[in-house]
Number of protein chains: 2
Amino acid sequence: MQQPFDSVWTREPRASRSSTLSREQIVRTAVELLDAEGVDALSMRRLGAKLGSGATSIYWHVAHKDELLELVMDEVYGEITLPDPAVVGWQDAVTVFAYGLRDALRKHPWAASLLSTRPSLGPNAMRLLARMTTAFEQAGFTGLELDYASAALLSYVLGATAPEIAWQAVIDRSGLDGEELVTAVHETVRRAARDHPGLVSRHEQYRDLDMDVTRAISFDFGLTCLIGGMKARLARDAAPFTEAHDAAPFTDADREQ
Amino acid sequence: MQQPFDSVWTREPRASRSSTLSREQIVRTAVELLDAEGVDALSMRRLGAKLGSGATSIYWHVAHKDELLELVMDEVYGEITLPDPAVVGWQDAVTVFAYGLRDALRKHPWAASLLSTRPSLGPNAMRLLARMTTAFEQAGFTGLELDYASAALLSYVLGATAPEIAWQAVIDRSGLDGEELVTAVHETVRRAARDHPGLVSRHEQYRDLDMDVTRAISFDFGLTCLIGGMKARLARDAAPFTEAHDAAPFTDADREQ
DNA sequence: AACGGACTCGCACGCCGTACGAGTCTCGTC
DNA sequence: GACGAGACTCGTACGGCGTGCGAGTCCGTT
């Protein structure tokens with residue numbers, strides 16, 4: 001029988017006497033370094049220095065840098081909470097989760113790029129996925145749709161947060177703030193959109209809005225649309241008189257209006 | 001007045017005699033190299049070699065590697081089409097766009113990670129954004145909601161496609177295919193989810209399904225939910241008798257069921 | 001012929017991930 | 001107490017990376 005792909009999560013951990021360096025300590029320090037100085041600052045040498053040990057010592061506890069990043073990613077998942085859907089209802093549960101994931105990614109800006117690069121198979125990620133599934137079970141989804149719904153929610157949050165972080169990185173690099181910052185962002189977008197008067201004129205309206213608030217509104221818009229669409233789907237599947245339309249999620253008749 | 005952030009799109013291009021190396025040629029070759037050998041294979045030295053020139057010659061036409069990546073990203077946006085919403089209707093238009101973006105990202109797997117790392121401000125990205133906006137205008141959205149809707153759609157597609165690509169990368173690296181591959185993927189997920197019987201047992205159902213088809217179904221599920229949610233929102237905003245609920249997208253009463 | 005700007009490119013610097021092998025420390029067994 | 005076997009640390013070295021710099025070449029203009 002075929003072995004699974006080799007990864008931190010499928011391999012047996014090394015037998016271990018408690019030693020001066022430990023995997024947890026390495027991962028914790030890596031997160032600190034990443035938070036403090038960004039993804040480019042994480043090198044094995046720098047990490048070793050911060051741990052007060054040789055760079056190559058780390059390789060006893062971790063197979064290679066990629067594996068360290070996987071461990072570090074799961075650490076981020078560990079920070080996210082998903083309330084019990086049986087208590088707060090599925091909509092609130094997944095909404096809290098969505099905001100929690102968004103917050104975690106904004107707090108650890110380096111995480112978004114890692115997350116989109118490798119599958120998330122760590123225990124914390126799995127725990128979250130399992131809980132999310134129970135939320136959607138409670139909503140009324142069954143079978144594979146449980147996975148689809150979970151994937152859709154995760155996808156939206158990840159996709160929506162990534163550009164926020166990308167912008168924040170540009171802003172941080174610039175070192176600007178306050179009015180100067182607002183003007184610089186505004187001017188950048190205005191130039192980029194210069195061939196599309198509609199975009200430019202709409203963008204004027206953001207001039208006096210707080211950027212963080214605008215982002216949150218935009219995030220919430222998509223989130224409520226997605227959850228609303230899930231509700232609509234549940235309602236349609238449950239209602240017998242629409243069964244004739246079952247094949248397509250939205251019918252041609254829907255499309256007219 | 002504050003200058004915009006420095007970037008390829010805001011800076012004036014260099015004055016130029018037509019020379020042996022050109023920016024377009026560099027970008028085109030970079031895309032080829034990326035497609036053929038992945039994001040790690042793109043180094044200035046390798047690119048220079050493929051162009052038959054010195055590595056550092058590239059720096060005359062491009063400020064630094066990051067700028068090259070921005071140019072290359074916009075090239076990808078250039079491949080995506082968005083049909084005229086006035087002809088096919090807004091739902092079909094944005095659906096075609098969503099699948100188009102997904103296809104482009106799958107065709108250029110390196111693009112997903114770039115896209116989530118920097119804001120997309122190139123001309124091709126802007127052209128698409130402008131067209132997407134007209135689609136949502138036709139749908140009935142107005143004002144800032146046009147941006148929110150566009151952002152939501154983009155977010156979903158990006159977020160949904162990224163994990164597909166991440167998996168594909170693992171698979172490509174393994175060199176397996178056919179039955180072996182299916183078993184390896186299956187076994188990997190089974191082990192990762194071992195503490196969550198629900199996930200494992202549901203995963204059994206994928207055993208006999210084509211992976212590409214499953215992915216497409218999952219993608220479509222989220223996409224139709226999102227678009228359905230947008231429609232629901234439009235309908236609610238248009239219908240006067242629900243105006244009392246306007247403040248919150250979904251009321252407590254909605255939440256009960 | 002002389003100039004100046006457009007363009008090419010070799011070299012060097014300081015980073016990077018990590019393979020390797022020699023070294024040390026700690027424990028279980030005799 | 002001796003000693004062997006792992007667990008663990010780490011200095012060195014290799015082949016790569018992005019790119020700053022300055023010398024060099026080409027070519028249109030005067």
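What's counted below: heavy atoms across the whole structure, side chains too, no hydrogens, waters or symmetry copies. All chains are named by letter (A, B, ...) in the order of the sequence lines, taking the proteins before the strands, and each is independently numbered beginning at 1. This one's a predicted model, so the numbers in the text were calculated from it and none came from an experiment.
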Novice: Please enumerate all residues that pass salt bridge (charged side-chain N to carboxylate O under 4.0 Å, His left out) together with A/Glu79, with sequence neighbours excluded.
Specialist: A/Lys107
Novice: Which side-chain N or O atoms in residues 111-126 of chain B pair as donor and acceptor under 3.5 Å with protein atoms at least two apart or in another chain?
Specialist:
residue  : atom : partner  : partner atom : Å
B/Ser113 : OG   : B/Trp110 : O            : 3.0
B/Ser116 : OG   : B/Ser113 : O            : 3.2
B/Thr117 : OG1  : B/Ser113 : O            : 3.0
B/Arg118 : NH1  : B/Asp66  : OD2          : 3.1
B/Ser120 : OG   : B/Tyr77  : OH           : 2.9
B/Asn124 : ND2  : B/Asp74  : O            : 3.0
B/Asn124 : ND2  : B/Asp74  : OD2          : 3.4

Novice: Under 4.0 Å between any heavy atoms, over every strand shown, what does B/Leu47 touch: base, sugar-phosphate, or nothing? Just pick one.
Specialist: nothing
Novice: Using the heavy-atom set of chain A and a strict 4.0 Å cut-off, write down the first and last nucleotide of DNA chain D that makes it in, 5' to 3'.
Specialist: D/dG6 to D/dA13
Novice: Report, one pair per line, the protein and nucleotides 7-11 of chain C atoms (nitrogen or oxygen only) whose separation is under 3.5 Å.
Specialist:
residue : atom : partner : partner atom : Å
C/dC7   : OP1  : B/Ser16 : OG           : 3.4
C/dC7   : OP1  : B/Arg17 : N            : 2.9
C/dC7   : OP1  : B/Arg17 : O            : 2.1
C/dC7   : OP2  : B/Ala15 : O            : 3.1
C/dC7   : OP2  : B/Trp60 : NE1          : 3.2
C/dC7   : O5'  : B/Trp60 : NE1          : 3.4
C/dT8   : OP1  : B/Thr20 : OG1          : 2.6
C/dT8   : OP1  : B/Leu21 : N            : 3.2
C/dT8   : OP2  : B/His61 : NE2          : 2.7
C/dC9   : OP2  : B/Gly54 : N            : 2.9
C/dC9   : OP2  : B/Ser57 : OG           : 3.0
C/dG10  : N7   : B/Thr56 : OG1          : 3.4
C/dG10  : O6   : B/Thr56 : OG1          : 2.8

Novice: Between B/Glu67 and B/Arg11, does any NZ, NE, NH1 or NH2 come within less than 4.0 Å of an OD or OE carboxylate oxygen?
Specialist: yes
Novice: Between atom CG in B/Asp40 and atom P in C/dG17, what is the gap in whole Å?
Specialist: 13 Å
Novice: Who passes ring pair (Phe, Tyr, Trp, His ring centres under 6.0 Å) against B/His186, sequence neighbours left out?
Specialist: B/His203
Novice: What is the distance, rounded to the nearest whole Å, between atom NZ of B/Lys65 and atom P of C/dC15?
Specialist: 19 Å
Novice: Could you list the residues that satisfy salt bridge (charged side-chain N to carboxylate O under 4.0 Å, His left out) with A/Glu37, not counting sequence neighbours?
Specialist: A/Arg46
Novice: Show me the pairs that pass side chain to side chain donor-acceptor pair (under 3.5 Å) and involve residues 149-175 of chain B, at least two apart or across chains.
Specialist: B/Arg102-B/Glu164, B/Arg106-B/Glu164, B/Gln168-B/Asp172, B/Gln168-B/Arg215
Novice: Applying salt bridge (charged side-chain N to carboxylate O under 4.0 Å, His left out), can you list everything that pairs with A/Arg131, at least two apart in sequence or on another chain?
Specialist: none
Novice: State which residues pass salt bridge (charged side-chain N to carboxylate O under 4.0 Å, His left out) with A/Glu75; sequence neighbours excluded, sorted by chain then number.
Specialist: none
